[in-house]
Number of protein chains: 2
Amino acid sequence: MVATKRRSLDRRRILEAAVRFVDREGLEALSMRKLGAELGVEAMSLYNHVPNKGALLDGMVEVLLGELELPPEDEGWEERIREAYRSFRRLAREHPNVFPLLVIRPPDTMDGVWLVEEFLKTLRGAGFDAETALYAFRALSGYASGYAMAEIRGFAMEPSGTRLGALTLSPDEFPNIHELGIHLGKVDHDAEFEFGLDLLLAGLKGRL
Amino acid sequence: MVATKRRSLDRRRILEAAVRFVDREGLEALSMRKLGAELGVEAMSLYNHVPNKGALLDGMVEVLLGELELPPEDEGWEERIREAYRSFRRLAREHPNVFPLLVIRPPDTMDGVWLVEEFLKTLRGAGFDAETALYAFRALSGYASGYAMAEIRGFAMEPSGTRLGALTLSPDEFPNIHELGIHLGKVDHDAEFEFGLDLLLAGLKGRL
DNA sequence: CGTGTGTCGCTTATGCTGTAAGCTTTCAAG
DNA sequence: CTTGAAAGCTTACAGCATAAGCGACACACG
């Protein structure tokens, strides 16, 4: 039952190597050849475990989703949902190069469905009707994934980085952005993410 | 000054053709050769107007953003912002194949910055302080782009389409999703999008 | 202890891709 | 009419996903 030298590859190992590779080199750099090399194997050998590159990408999304930590059920519904979305955002920060795959190729697996079921259960348990629970799920998920993507890509007007910096813009043409320049240096993305969560959850509580 | 037959290509024409092509054939199908063919020209000719494919993609995002319709200033701030995000979502529905580019390669152009400036001006004018205006911008934009992406890709559990259907899932394992199956057929995405906008804007008004 | 048998990795080959380099055609200005 | 630049064309290259077929090893069974 020991992994013989021959049987060195399997789907799991391939997907995890792909995630590691993309974490390191970026999504564009991923090719079957290079991933094979990473595993000490020729490109075509990967096809024994994965039907094509698209399925490889989907598998990477699975791996990512597997890292999502669902909070225990005994917490209050609101804190549980908060914590779940924090964990979701953590995925983006830990795998900024892989995360976009999750947005572009949403999972179609039982794992993904199970997550949704869990979410709905929590909200139904809190007293929301089925339809509101669905709306809440989509609003919160939309917000979280949109925010996380923006954070990964770097917000426009961030003081440092390659994107346009607020302070370099003409104060006459862009007074409001320029004014923000002062604040931008000390913006706390954790607090900012939480702000949006607050708005949505407060609104939801109002519909209970 | 008349466009001679020779001078048939220019950046604008190329970008618009690219958007049209991707609308029709999908993002993956876009190649310099095929785009050239679309314009009756060899692939390499495109490089006289666009430095590389990345810049082409960025230019397509520009074109998309150019289609965004900003509501006039004389409306109330809330309705103006609502209308702006509705227009944003419309982009996604009109160009579902191109829109993901906007999320993955956010624009770094003056056009984009000008949009932000406009947004901030509206919110500052409504009485929000600079920092809250920034938070609001990011929360709303995150929500809108995340929701639009989800809508484009097709929500999980949508009754029709290739994604997993709620009603095909075992009612025992996934009671909450199954229960939704009844509602899913008549979900109105317009109303759903508006629901999230309501939550966020109501919360924001509370901080005025 | 043979001897299949099927799994899995390797080799080779095809038709794409983006794009560098250099050539040629065309138009406009002097 | 000459000259120069702009812009299209041709060719070429390295890298891509992946189809097809080959060969070697690991295990199951006699």
Side-chain angles (χ1 to χ4, degrees), chain A residues 1-63 97-98 100-101 104-105 108, chain B residues 1-63 97-98 100-101 104-105 108:
Chain A
M1 215 36 194
V2 176
T4 63
K5 183 183 157 199
R6 173 73 181 193
R7 195 180 204 76
S8 68
L9 236 48
D10 65 15
R11 190 179 129 93
R12 194 85 217 158
R13 236 169 74 74
I14 290 175
L15 298 181
E16 280 166 8
V19 169
R20 246 178 295 122
F21 182 91
V22 171
D23 278 344
R24 186 164 23 92
E25 312 273 347
L27 195 53
E28 308 236 306
L30 179 68
S31 79
M32 300 303 268
R33 284 158 160 76
K34 289 191 218 155
L35 180 56
E38 181 95 353
L39 289 158
V41 134
E42 295 301 313
M44 290 309 292
S45 298
L46 303 175
Y47 286 87
N48 284 313
H49 304 273
V50 158
N52 53 48
K53 193 180 178 180
L56 174 75
L57 298 177
D58 289 339
M60 292 169 66
V61 172
E62 266 179 63
V63 169
N97 295 336
V98 183
L101 283 178
I104 279 196
R105 317 177 63 97
D108 218 349
Chain B
M1 220 36 193
V2 175
T4 65
K5 182 183 157 201
R6 174 72 181 194
R7 196 181 204 71
S8 70
L9 235 47
D10 66 13
R11 188 181 130 91
R12 192 85 217 159
R13 235 169 74 75
I14 291 175
L15 298 182
E16 279 165 9
V19 168
R20 245 179 296 121
F21 182 90
V22 170
D23 277 344
R24 184 162 28 89
E25 312 274 348
L27 196 53
E28 307 237 309
L30 178 68
S31 77
M32 299 304 268
R33 292 180 205 320
K34 288 191 218 154
L35 180 56
E38 181 95 354
L39 289 158
V41 130
E42 295 302 314
M44 288 311 290
S45 299
L46 303 174
Y47 285 88
N48 284 311
H49 305 273
V50 158
N52 52 51
K53 193 178 179 183
L56 174 76
L57 299 177
D58 289 339
M60 294 169 65
V61 171
E62 266 179 63
V63 170
N97 294 338
V98 184
L101 283 178
I104 278 195
R105 316 175 64 97
D108 217 349

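Values below: every heavy atom of this structure, side chains too, minus hydrogens, waters and symmetry copies. Numbers restart at 1 for each chain; the letters A, B, ... are given by sequence-line order, proteins then strands.
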Rounded to the nearest 0.5 Å, what separation is found between the CZ atom of F21(A) and the CD1 atom of I14(A)?
14.0 Å
For the residue pair L9(A) and H49(A), what are the closest heavy atoms and their distance?
O-CE1, 3.4 Å
Nearest-nucleotide wise, let me know which of P51(A) and S31(A) is further upstream toward the 5' end of DNA chain D.
S31(A)
Among residues 14-23 of chain A, which ones have heavy-atom contacts with DNA chain C below 4.0 Å?
none
When you measure from the side chain of H49(B), which nucleotide among dG8(D), dC10(C), dT18(D) comes out closest?
dG8(D)
State, to 0.1 Å, how close G54(B) and R105(B) come at their nearest heavy-atom pair, and which atoms those are.
O-NH2, 3.4 Å
Base dG15(D) to side chain R33(A), donor-acceptor N/O within 3.5 Å cut-off
no
Check D23(A), V63(A), L57(A) against V98(A) for a side chain to side chain contact (heavy atoms under 4.5 Å, CB included) and give me the one that passes.
D23(A)
Quick one: are L56(A) and L30(A) in side-chain contact, heavy atoms under 4.5 Å?
yes
Nearest-Å distance, CG (L30(A)) to P (dG15(D))?
16 Å
Protein-nucleotide distance (M32(A), atom CE; dC16(D), atom C1'), rounded to Å
11 Å
Taking only heavy atoms on the protein side, list every residue of residues 34-44 of chain B lying under 4.0 Å from any atom of DNA chain C, sorted numerically.
K34(B), M44(B)
Rounded interatomic separation in angstrom, taking CG from L46(A) and C1' from dA17(D)
11 Å
Polar side-chain atom of N97(A) near backbone of L27(A) as donor-acceptor pair, under 3.5 Å:
no
Between P on dT19(C) and NZ on K53(B), what's the gap in Å once rounded to a whole number?
8 Å
Rounded to whole Å, please give me the gap between CG in L27(A) and P in dC16(D).
14 Å
Integer-rounded Å distance: dC23(C) P and N48(B) CG
16 Å
Should S45(B) be listed as having a side-chain N or O under 4.0 Å from OP1 or OP2 of dC9(D)?
yes
Ignoring hydrogens, what is the shortest heavy-atom contact between L39(A) and A17(A)? Give both atom names and the distance.
CD2-CB, 3.8 Å
Between dC16(C) atom P and E28(B) atom CD, what is the distance in whole Å?
16 Å
Nearest-angstrom distance from the residue atom CG of D10(B) to C1' of dA7(D):
12 Å
Between K53(A) (side chain only) and M32(A) (backbone N and O only), is there a donor and an acceptor less than 3.5 Å apart?
no
With the side chain counted from C-beta on, respond yes when E25(B) and E38(B) share a heavy-atom pair under 4.5 Å apart, and no when they do not.
no
